[in-house]
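When a ligand or atom number is given, it counts from 1 through the structure's own listing order. Position 1 is the first residue of the sequence, and the numbers go up from there. Computed from a predicted model, the values in this text were never measured in an experiment.
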Amino acid sequence: MKICVLPGDGIGPEIMAEALRVLEVFRGEGMKLEFEEALLGGGAVDATGSPYPEATQKVAREADAVLLGAVGGPKWDALPRPQRPERGLLGIRKDLNLFANLRPAILYPELANASTLKPEVVAGLDILIVRELTGCIYFGEPRGITTEDGKRVGRNTMVYNEDEIRRIGHVAFQAAQKRAKRVCSIDKMNVLETTQLWRDVMIEVSKNYPDVELSHMLVDNAAMQLVRAPKQFDVMVTGNMFGDILSDEASMLTGSIGMLPSASLDANNKGLYEPSHGSAPDIAGKGVANPLATILSAAMMLRYSFNNEASALRIENAVKKVLASGLRTGDIWEEGTKRVGTREMGDAVIAAL
Ligand code: IPM
Ligand code: MG
């Protein structure tokens, strides 16, 4: 199994190092893993002028899965848009056709106090956000900043065709079948035609899944319900932009975005796996970042791309054990627990494995 490793920028290299050490344990036990490292994001721009260089495209296309740290940082914010690190991320998603982004938000019982919400509101939380990742306003044309009648005009286009909606719909319903069998589709159909189509197609898709209950919610209400009564949700399915926003919101219900992995899959379960958080330039290089989201992303990779549920569970259980033992990185630290750095957290997960 060939894994393309993209440490990226900021805390990316530090957290990736820990995920790779965890995977080394499995390799030591005989799992056939090959790693090939490549550049993505700001580092890639510095080295080649492009955030998703050709050499990386080749490695990523030939790999069975991609493991990514994080990209971006203030150093590259002033660059022209095509050279920004984020463009590298959007580029690889589009290039590999990774249209299905799975972002679980699970509250580990040990972290109930790390959430800013009352423990009783979030205890037992287990939501899966299924975000469409290669369409919507992120990629729609026309786009750009132009001058019209002497005024600057900024323009982006929100667009979905029914096939794009249908295929993400199937992913959501199939995920729900393995969970609590409820899908809530998020749209803004009271205003946006694109999302009227979204709702219509979701209803059509639902006919294939009589065992799954479909409901609909407007995105503004969904944002409110997520903090009011988040446990009402099982699977939430939504477009690229709403999913971007709601998944950050959902992640914080769990105490820290530093805990949450994600998987972005194509139609054949080739995937890119990355923590849901960003490159955290403010703490980069200090050895204090939480590596658990990246380690849990490696677990998702074993589950979805390599079909190895047992090993995925082993990693997830090791993480639970470490949390139960009271070790915490700064983002999830609270009185009475032991503060550790990135490397020590990695060590502890490996020991628990
Ligand atoms: C995410 C990030 C990206 C996105 C950015 C960095 C382009 O926020 O993965 O959620 O908007 O998709
Ligand atoms: Mg985001």
> Going through the checks in order, is the side chain to side chain contact (heavy atoms under 4.5 Å, CB included) test met by Trp198 and Leu192?
Replying inline: CA-CA 10 Å; Trp198 177 280; Leu192 303 173; over 6 Å; no

> Is the distance from the Mg ion (ligand 2) to some N, O or S atom of Asp244 under 2.8 Å?
Replying inline: yes

> Among side-chain atoms of Arg228 and Gln225, is any donor-acceptor pair under 3.5 angstrom?
Replying inline: yes

> Under 3.5 Å, is there a donor-acceptor pair linking the side chains of Thr337 and Arg328?
Replying inline: no

>> Assess the residue pair Arg179 and Asp126 against the criterion (side chain to side chain contact (heavy atoms under 4.5 Å, CB included)); give the C-alpha distance rounded to whole Å, side-chain angles, the decisive distance to 0.1 Å, and a yes or no.
In response: CA-CA 10 Å; Arg179 302 171 40 101; Asp126 183 356; 3.3 Å; yes

> Considering only the protein, which heavy-atom contact is closest to atom 11 (O) of ligand 1, and what is its distance?
Replying inline: Tyr138 OH, 2.5 Å

> In the protein, which heavy atom is nearest to atom 8 (O) of ligand 1, and how far is it?
Replying inline: Asp244 OD1, 3.2 Å

> So is Glu86 polar-close to ligand 1, meaning N/O to N/O under 3.5 Å?
Replying inline: no

>> Regarding ligand 1, does Asp248 bring an N or O atom to under 3.5 Å of one of the ligand's N or O atoms?
In response: no

> What atoms of ligand 1 come closer than 4.0 angstrom to any heavy atom of Arg103?
Replying inline: 1 (C), 9 (O), 10 (O)

> Which ligand 1 atoms are under 4.0 Å away from a heavy-atom of Arg131?
Replying inline: 1 (C), 4 (C), 9 (O), 10 (O), 11 (O), 12 (O)

> Under 4.0 Å from ligand 1, counting heavy atoms only, is it the side chain of Arg93, its backbone, both or neither?
Replying inline: side chain

>> Taking side chain to side chain contact (heavy atoms under 4.5 Å, CB included) as the criterion, tell me which of Thr238, Asn101, Leu102 meets it with Val130.
In response: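 For Val130, the side chain to side chain contact (heavy atoms under 4.5 Å, CB included) test succeeds with only one of Thr238, Asn101, Leu102, which is Leu102.
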
> Can Ile245 be reached from Ile137 by stepping across I, L, V, M, F, W or Y side chains whose heavy atoms are under 4.5 Å apart?
Replying inline: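 Yes; Ile245 is reachable from Ile137 via cluster members.
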
